[in-house]
Amino acid sequence: MKKRTHTCGQLTKADLNQTVTLQGWVASHRDLGGLLFIDLRDRYGKTQVVVHPEETPDLAGIAHTLHSEWVVEITGIVQARPEGMINKDMMTGEIEIKVSHLDILNTCPPLPFQIEDSSKANEELKLKYRYLDLRRPEMQEVLMLRHHISNIVREHFSAEDFIEVETPFLVKSTPEGARDYLVPSRIFEGSFYALPQSPQIYKQLLMVAGFDKYFQIARCFRDEDLRSDRQPEFTQIDVEMSFVDQNEIFDVIERLFVKILKEAWNQDLRTPFPRITYNECIEKYGSDKPDLRYGLEFHNLTEHFKGCEFHVIATALQEGGVVIGLNLKGKANLSRKQVTELEELAKKAGLAGILPLKLTAEGFKGVLAGKVDDQTLKAVAEQCQASEGDLLLMGIGKKSSILKGLGVLRVKLAEHFSLFDPIDRSKTSIFWVVDFPLFERDETTGEVSPSHHPFTGFHPDDEPMLTTEPWNVRSTAYDLVMNGNELLSGSIRIHDSKQQAMIFDLLGISEEEIKLRFGFLVDALKYGAPPMGGMAIGFDRVIMVLTNRPIRDVIAFPKTTLAQSLMDGCPSPIDPQLLTDLHLALIPPKNS
RNA sequence: GGGAUCGUAGUUCAGUUGGUUAGAACGCCGCCCUGUCACGGCGGAGGUCGCGGGUUCGAGUCCCGUCGGUCCCGCCA
């Protein structure tokens with residue numbers, strides 16, 4: 001094997017008449033009989049290679065036997081393509097290599113799917129032959145972008161005086177949060193390590209240790225059911241800072257995202273990013289991660305319908321319900337069938353139904369027209385900023401479920417009517433969500449649980465409410481939302497052990513449990529913990545949003561929705577001796 | 001745990017109210033071809049219709065179960 005002199009994406013007219021050696025995969029070969037072309041591919045691009053059987057019959061003999069994805073090495077002279085034969089779609093389209101030497105470095109059986117075309121192939125098959133799927137240029141581009149972004153992240157935080165510290169993979173299992181992936185201890189019979197769900201506690205301990213500014217590109221593990229945006233192992237850009245307020249934290253992160261968007265999309269983001277309160281998000285969009293590339297804001301129309309006799313509305317209002325509407329601009333011309341489709345969308349979104357009201361040249365049309373006086377409807381239309389030709393959709397019922405349902409419907413409507421261009425990067429919507437509630441309350445049991453995590457600080461003004469109405473206490477937590485995706489989540493932490501104890505108490509965790517589970521953290525907070533705050537950026541999700549792809553596409557070797565790897569076949573049974581060493585025995589499944 | 005959807009040559013798909021020998025394109029094999037670039041032309045091989053059971057004279061098609069992919073709900077601080 002020789003040494004290659006160039007890559008397959010490199011040569012141009014500037015290299016004419018040079019003798020070069022290329023190595024790569026046969027992307028395609030076109031045998032015209034008296035003339036033979038090979039497209040040679042590596043991760044940098046493709047170069048056309050030409051063989052003339054009349055001049056080099058030996059080479060042609062070898063070239064005839066080539067197949068797709070064989071690995072070959074060629075040496076030859078860079079020559080300009082004849083006039084009219086230039087391929088503008090190829091970076092190297094002005095030249096070709098006239099071969100003087102051809103070596104087959106490796107062969108390849110017929111492929112389970114064609115490389116260039118395999119975006120169409122069955123996902124199961126592509127995951128089984130992941131190394132072939134990753135040979136596709138578009139997959140390579142994604143992973144190369146991921147690499148560039150991780151470089152930017154490391155450069156950014158390093159330049160801002162952060163240091164990257166690695167934290168353990170074998171950690172203590174805590175019953176909080178997601179189900180842990182467990183690792184049995186060989187030495188301590190019956191004891192287990194857990195794989196970390198995040199480095200949260202460790203980074204707080206690093207702050208106590210005085211590291212001041214920390215970051216880490218960290219792998220996290222959660223044994224929960226999967227979705228198109230969730231994998232059992234995923235990557236966070238974990239960040240923590242001491243002696244800072246929210247503004248300073250936001251600043252550092254905004255500067256990072258400005259660089260990322262510039263690198264990936266060549267887009268300039270304006271700073272500071274807007275800040276929207278959690279309550280405003282919920283009231284206006286029914287979501288804590290709304291996509292603001294399109295409008296469809298909600299309007300609370302309840303006041304207009306006070307005393308309304310239309311039974312659906314009257315019943316709902318009697319039970320303390322609400323009427324919330326949104327305006328579909330210019331959709332009053334939808335057919336009956338199309339409106340029925342919208343009603344089905346609403347049901348899929350979890351709403352019992354939706355009341356359409358058309359604003360036409362002949363006046364209002366819909367169930368409410370005639371049942372509710374025009375003056376009321378006019379006031380409703382005015383509040384929704386609706387005019388002739390618009391279609392109002394109204395949800396009626398319990399406020400929390402209507403907001404949630406309409407929030408889901410809003411996303412479906414935007415897709416249904418293509419209200420935004422997913423490719424148009426200039427319309428990027430990025431903003432902070434602030435003032436999250438500290439706790440979530442279980443509606444049936446009334447118990448509270450942390451809405452972020454139990455180390456989240458609370459708004460100082462709301463401290464008196466902690467004991468009286470904890471569910472109304474605002475936290476210091478924040479999210480960053482881009483195009484409808486939560487990209488990061490963070491907070492200012494509690495750095496006072498007494499406050500931390502109080503929160504644990506509110507969460508109903510006994511002192512004994514605290515000692516057992518978080519004793520070391522509570523202890524650490526007593527030993528001079530600085531004020532601190534930070535966040536975890538969902539790195540996979542950032543790449544997903546930048547590439548508009550599902551999470552499997554942005555991870556080199558992902559798992560399926562059953563958390564299996566189809567390529568290596570894990571999880572798999574193990575040698576019984578290993579179980580014995582670990583003091584484990586298998587319990588057979590119930591129905592076998 | 002629940003719901004939806006998909007599973008037919010190596011691959012992507014078609015296959016009517018259940019009815020003769022399950023088709024096409026790409027790939028593969030053979031022959032032809034001097035400017036192709038997803039080259040083209042002619043010919044050929046290739047199928048346990050995911051798996052198991054049932055209904056029926058007859059099942060790729062209908063029913064039940066099961067395995068797997070994807071999406072969603074629950075779940076994921």
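Just so it is clear: chains get the letters A, B, ... in the order the sequence lines come, proteins before strands, and each one is counted from 1.
- Across the protein-nucleic acid pair, A:I38 atom CD1 and B:rA38 atom P stand 16 Å apart, rounded to whole Å.
- When the P atom is used for both B:rA38 and B:rG52, the distance is 43 Å, rounded to whole Å.
- When all heavy atoms are compared, the tightest approach of A:R81 to A:T92 is NH2-O, 4.3 Å.
- Across all strands shown, B:rG43 is found opposite B:rC29 as a Watson-Crick or G-U wobble partner, with both distances under 3.5 Å.
- Across all strands shown, B:rU16 remains unpaired; no Watson-Crick or G-U wobble contact has both distances below 3.5 Å.
- Contact check, A:R30 against B:rU36: no side-chain N or O comes under 4.0 Å of OP1 or OP2.
- A:L566 has its CG atom 8 Å from the C1' atom of B:rG69, to the nearest Å.
- A salt bridge is defined here as a Lys NZ or Arg NE, NH1 or NH2 lying under 4.0 Å from an Asp or Glu carboxylate O, and A:E141 with A:R43 fails to meet this definition.
- Interface residues of residues 469-483 of chain A facing RNA chain B, ordered by number: none; criterion, heavy-atom separation under 4.0 Å.
- The main-chain N or O of A:H52 is never found under 3.5 Å from a side-chain atom of A:E55 such that the two would form a donor-acceptor pair.
- To the nearest angstrom, P of B:rC26 lies 19 Å from CD of A:E69.
- A salt bridge links A:E138 with A:R136: the closest approach of a Lys/Arg side-chain nitrogen to an acidic carboxylate oxygen falls below 4.0 angstrom.
- When all heavy atoms of A:I551 and A:R230 are compared, the pair lying nearest together is CG2-N, 3.9 Å.
- In this structure, A:R552 pairs ionically with A:E123, as a charged nitrogen and a carboxylate oxygen lie closer than 4.0 Å.
- Between B:rG58 and B:rG18, the distance separating the two P atoms is 15 Å to the nearest Å.
- Between A:K289 and A:E486 no salt bridge is recorded (no basic side-chain N to carboxylate O distance below 4.0 Å).
- Atom pair A:F221:CZ and B:rC75:C1' shows a separation of 20 Å (rounding to whole Å applied).
- Checking B:rC49 for Watson-Crick or G-U wobble geometry (two distances, each under 3.5 Å) identifies no partner in any strand.
- Of all nucleotides present, only B:rC67 satisfies the Watson-Crick or G-U wobble test against B:rG7, with each distance under 3.5 Å.
- Note on A:K404: only backbone sugar-phosphate atoms sit closer than 4.0 angstrom, heavy atoms only; bases stay farther off.
- Taking the C1' atoms as reference points, B:rC73 lies 33 Å from B:rG60, given to the whole Å.
- Distance noted for atom P between B:rG3 and B:rG74: 16 Å (whole Å).
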Could you list the protein-to-nucleotides 12-15 of chain B atom pairs, N/O on both sides, closer than 3.5 Å?
| residue | atom | partner | partner atom | Å |
| --- | --- | --- | --- | --- |
| B:rU12 | OP1 | A:N122 | N | 2.6 |

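- Among all heavy-atom pairs drawn from A:Q204 and A:I494, the shortest one is NE2-O, 4.3 Å.
- Closest contact between the side chain of A:F113 and the listed nucleotides B:rC37, B:rU11, B:rC76 involves B:rU11.
- Backbone-only engagement by A:L562 is indicated by non-hydrogen atom pairs under 4.0 Å involving sugar-phosphate atoms exclusively.
- Spacing between atom CE of A:M90 and atom P of B:rC37 amounts to 12 Å, rounded to whole angstrom units.
- Counting non-hydrogen atoms under 4.0 angstrom, A:P450 reaches the backbone sugars and phosphates but no base.
- The nucleotide B:rG58 finds no pairing partner, because no Watson-Crick or G-U wobble arrangement with both distances shorter than 3.5 Å includes it.
- Only at 4.0 angstrom or more do the heavy atoms of residues 504-521 of chain A sit from any atom of RNA chain B, so none qualifies.
- Scanning all heavy atoms of the two residues, the minimum distance from A:A63 to A:L36 falls at CB-CD2, 3.6 Å.
- The two atoms that bring A:S68 and A:A27 nearest to each other are OG-O, 4.0 Å, heavy atoms only.
- If you measure from atom NZ of A:K46 to atom C1' of B:rU36, you get 13 Å, rounded to the nearest angstrom.
- For the C1' atoms, the distance from B:rU12 to B:rC75 is 36 Å, rounded to whole Å.
- Salt-bridge check for A:R41 with A:E69: passed, with a basic side-chain N closer than 4.0 Å to an acidic carboxylate O.
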Discussion item. Please determine whether salt bridge (Lys or Arg N to Asp or Glu O under 4.0 Å) holds for the pair A:E415 and A:R410, giving the CA-CA distance in whole Å, both sets of side-chain angles, and the decisive distance to 0.1 Å.
Written reply: CA-CA 9 Å; A:E415 272 170 28; A:R410 178 175 173 269; over 6 Å; no
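- The nearest pair of heavy atoms linking A:I555 to A:E233 is CD1-O, 4.3 Å.
- Taking atom P in both B:rG10 and B:rG46, the straight-line distance is 11 Å, to the nearest Å.
- Ring geometry for A:Y129 against A:F113 counts as perpendicular: the plane angle is over 60°, on a 0 to 90° scale with 30° as the lower cut.
- Summarising the geometry, the separation between CG on A:D180 and P on B:rC75 is reported as 18 Å, rounded to the nearest angstrom.
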Discussion item. Generate the contact string for nucleotides 28-35 of chain B. Rules: B means base contact, S means sugar-phosphate contact only, - means no protein heavy atom under 4.0 Å.
Written reply: SS---BBB
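- In this structure, A:Y478 has its ring center under 6.0 Å from that of A:F250.
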What pairs of nitrogen or oxygen atoms, one from the protein and one from nucleotides 3-5 of chain B, lie under 3.5 Å apart?
none

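- Comparing the same atom, P, in B:rC67 and in B:rA14 gives a spacing of 26 Å after rounding to whole Å.
- Annotation: A:F169 is not in aromatic contact with A:Y193 [ring centroid separation under 6.0 Å not met].
- For the 3.5 Å distance criterion, the side chains of A:E94 and A:T12 fail to qualify, holding no donor opposite an acceptor.
- The local environment of CD in A:E511 is sparse, with at most 12 non-hydrogen atoms from other residues, nucleotides or ligands closer than 6.0 Å.
- Within the nucleic acid shown, A:Q564 comes within 4.0 Å of sugar-phosphate atoms alone, with no base atom in reach, counting heavy atoms only.
- Here A:D238 pairs with A:K203 in a salt bridge; the nearest charged N to carboxylate O distance falls below 4.0 Å.
- The partner of B:rC75, taking Watson-Crick or G-U wobble pairs whose two distances both stay under 3.5 Å, does not exist in any strand shown.
- Mapped onto RNA chain B by nearest heavy atom, A:E124 and A:S28 fall at different nucleotides, with A:S28 at the one closer to the 5' end.
- Residue A:E224 places its side chain closer to B:rC76 than to any other of B:rC76, B:rG27, B:rC71.
- Counted by atom type alone, A:Q23 and A:D42 present zero donor-acceptor pairs between their side chains at under 3.5 Å.
- Across the P atoms, B:rG41 and B:rG65 are found 49 Å apart, a figure rounded to whole Å.
- Between the NE2 atom of A:H453 and the P atom of B:rC76 there is a distance of 16 Å, given to the nearest Å.
- In this model, a donor atom of one side chain and an acceptor atom of the other lie less than 3.5 Å apart for A:D31 and A:H64.
- In this structure, A:F504 has its ring center closer than 6.0 angstrom to the ring center of A:F518.
- Scanning residues 225-238 of chain A for heavy-atom distances under 4.0 Å to RNA chain B yields A:D225, A:R227, A:S228, A:R230.
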